[in-house]
Enquirer: 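Mind looking over this structure? Questions follow.
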Number of protein chains: 2
Amino acid sequence: MGTHYKGDDGEVRALDAYIKLIRAADSVAARVQRHESVLGLTATQFGALEALLHLGPLCQRELGEKLLKSGGNITLVVDNLEKHGMVVRQRDQADRRFVTVYLTDAGRARIAALMPGHVAEVVRALSALSPREQEELGRLCRRLGLGTAAEGQGTPPCR
Amino acid sequence: MGTHYKGDDGEVRALDAYIKLIRAADSVAARVQRHESVLGLTATQFGALEALLHLGPLCQRELGEKLLKSGGNITLVVDNLEKHGMVVRQRDQADRRFVTVYLTDAGRARIAALMPGHVAEVVRALSALSPREQEELGRLCRRLGLGTAAEGQGTPPCR
DNA sequence: ATCGAATGGTTGAACATTGATTCATTAACG
DNA sequence: CGTTAATGAATCAATGTTCAACCATTCGAT
């Protein structure tokens with residue numbers, strides 16, 4: 001199990017941790033997302049709604065940073081959410097480059113209704129670890145994320 | 001920072017760990033993959049070559065399991081690797097449903113040449129953690145991955 | 001005030017990924 | 001045997017994602 005690469009201890013240790021980290025994230029994300037996508041939302045759409053719900057209106061650049069997605073992608077995601085009436089765009093009057101994205105009532109209702117199930121699924125996915133272990137995992141992961149990630153660590157990317 | 005969801009302690013703890021896990025994996029994977037993709041390989045192509053290098057020839061179904069990717073995707077990935085002469089397909093004579101994928105000499109040389117840089121980048125990405133912490137992270141992640149993931153935990157998915 | 005750099009957003013091409021369908025082959029079972 | 005089920009792979013449409021090019025807007029020098 002783990003890595004088959006021949007190298008010194010430090011390399012094998014890092015590779016092993018790396019593989020397990022990626023696999024765990026994939027596994028947990030897949031499990032959680034199953035419950036979102038069934039309801040007609042992609043993971044990124046869900047993440048966007050959730051960010052808007054918990055952080056309030058955001059411009060598209062901010063949304064992209066929170067979700068770790070490219071600008072072009074955010075344009076499409078917001079397009080689709082807007083098409084479905086979950087969200088509205090509005091040009092910022094002060095600085096007309098910005099487009100602020102607002103949750104509609106329908107969007108707020110939708111994401112609010114989805115959250116309990118989402119939370120329950122996350123809790124369930126992490127139930128393999130004790131509370132103390134979950135905290136330890138969070139601590140370790142936070143230090144890893146600091147390296148490259150956009151600093152805004154507000155809201156879940158949801159892949 | 002972390003989660004903005006209002007809920008009981010267990011929920012907040014799980015959500016927080018979840019977010020950080022996903023972000024850390026994204027962040028580390030992005031960093032590592034930057035060094036692979038610059039050289040003309042997608043993450044999945046790299047993962048496939050690496051699996052073949054360390055595990056020997058595999059059929060496409062096995063490859064899909066190792067990489068956590070769909071069958072249709074594997075067909076395309078192998079197509080592209082074959083086009084570039086990194087890999088050859090061969091029908092299994094015993095059971096003609098199987099197609100075994102072999103590394104060519106060129107493919108072996110290519111992945112072998114890439115590995116040291118890959119390993120160095122993984123080591124670097126995980127250097128925020130001490131050896132002991134890396135082991136702890138691996139231990140926690142392994143227990144999370146067990147929930148849903150395909151059991152074959154041989155080789156890195158690389159997203 | 002103006003010109004150039006930087007920033008936010010959009011667009012379009014390229015591509016990876018999935019999921020459903022289909023086909024060939026093998027296995028199982030009567 | 002022969003039919004049916006199961007398995008591995010290929011194919012195709014649909015979609016999410018990224019990246020580069022581009023436009024509009026603002027900001028900063030001079």
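In what follows, chains are A, B, ... by sequence order, proteins preceding strands, each numbered from 1. Given the structure is predicted, the values throughout are model-derived calculations rather than measurements.
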Enquirer: In terms of the nearest nucleotide of DNA chain D, which residue is placed more toward the 5' end: Ala94(A) or Ser70(A)?
Expert: Ser70(A)
Enquirer: Given that Asp95(A) and Gln45(A) both sit by DNA chain D, which one's nearest nucleotide is further toward the 5' end?
Expert: Gln45(A)
Enquirer: Could you give the CG-to-P distance, from Asp92(A) to dA24(D), as a whole number of Å?
Expert: 19 Å
Enquirer: Val88(B): which other cluster members, linking ILVMFWY side chains closer than 4.5 Å, directly or transitively?
Expert: Tyr102(B)
Enquirer: Sequence neighbours excluded, which residues qualify as side chain to side chain donor-acceptor pair (under 3.5 Å) partners of Arg124(B)?
Expert: Glu121(B)
Enquirer: Can you name the side chain to side chain contact (heavy atoms under 4.5 Å, CB included) partners of Gln45(A), sequence neighbours left out?
Expert: Leu41(A), Thr42(A), Val77(A), Asn80(A), Leu81(A)
Enquirer: To the nearest 0.5 Å, tell me how far Leu137(A) CG sits from Arg13(B) CZ.
Expert: 13.0 Å
Enquirer: Report the distance from atom CZ of Arg96(B) to atom C1' of dA10(D), rounded to the nearest whole Å.
Expert: 15 Å
Enquirer: Write down the distance between CD (Glu62(A)) and P (dT7(C)), rounded to a whole number of angstrom.
Expert: 15 Å
Enquirer: Rounded to the Å, how far apart are Leu67(B) CG and dT18(C) P?
Expert: 10 Å
Enquirer: Could you list all N or O pairs between the protein and nucleotides 1-8 of chain D that sit under 3.5 Å apart?
Expert:
residue	atom	partner	partner atom	Å
dT7(D)	O2	Arg97(B)	NH1	3.3
dG8(D)	OP1	Arg61(B)	NE	2.8

Enquirer: Could I get the full list of side chain to side chain donor-acceptor pair (under 3.5 Å) partners for Arg108(A), not counting sequence neighbours?
Expert: none
Enquirer: Could you tell me whether Ala30(B) contacts a base, only the sugar-phosphate backbone, or nothing, with contacts defined as non-hydrogen atoms closer than 4.0 Å?
Expert: nothing
Enquirer: Please enumerate all residues that pass side chain to side chain donor-acceptor pair (under 3.5 Å) together with Arg110(A), with sequence neighbours excluded.
Expert: none
Enquirer: Can you tell me how the ring of His118(B) sits relative to the ring of Tyr18(A), calling it parallel under 30°, perpendicular over 60° and tilted otherwise?
Expert: perpendicular
Enquirer: With the threshold set at under 4.0 Å for non-hydrogen atoms, list the residues of residues 83-91 of chain B touching DNA chain D in residue-number order.
Expert: Arg89(B)
Enquirer: Counting just side-chain N and O atoms, does Thr44(B) come under 4.0 Å of either OP1 or OP2 of dT17(C)?
Expert: yes
Enquirer: Answer with base, sugar-phosphate or nothing: what part of the nucleic acid does Gly71(A) contact at a heavy-atom distance below 4.0 Å?
Expert: base
Enquirer: Let me know the distance between CG of Leu58(B) and P of dA9(D), rounded to the nearest Å.
Expert: 11 Å
Enquirer: Could you tell me which residues satisfy salt bridge (charged side-chain N to carboxylate O under 4.0 Å, His left out) with Glu133(A), sequence neighbours excluded, listed by chain and number?
Expert: Arg139(B), Arg143(B)
Enquirer: Please state how far atom NZ in Lys69(A) lies from atom C1' in dG9(C), giving the value in whole angstrom units.
Expert: 18 Å
Enquirer: For His84(A), enumerate each residue passing the side chain to side chain donor-acceptor pair (under 3.5 Å) test, keeping only those at least two apart in sequence or located in another chain.
Expert: none
Enquirer: Do you know which of Asp26(A), Leu21(A), Ile19(A) makes side-chain contact (heavy atoms from CB on, under 4.5 Å) with Arg23(A)?
Expert: Ile19(A)
Enquirer: Rounded to whole angstrom units, what separation is found between the CG atom of Leu63(A) and the C1' atom of dT10(C)?
Expert: 16 Å
Enquirer: Within residues 72-82 of chain A, which residues have any heavy atom lying less than 4.0 Å from an atom of DNA chain C?
Expert: Gly72(A), Thr75(A)
Enquirer: Asp79(B): which residues meet the salt bridge (charged side-chain N to carboxylate O under 4.0 Å, His left out) condition with it, sequence neighbours left out?
Expert: Arg89(B)
Enquirer: With heavy atoms under 4.0 Å as the rule, sort Thr42(A) into base, sugar-phosphate or nothing.
Expert: sugar-phosphate
Enquirer: For Phe98(A), which fellow cluster members are found when Ile, Leu, Val, Met, Phe, Trp and Tyr are connected by side-chain heavy-atom distances below 4.5 angstrom, either directly or through intermediates?
Expert: none
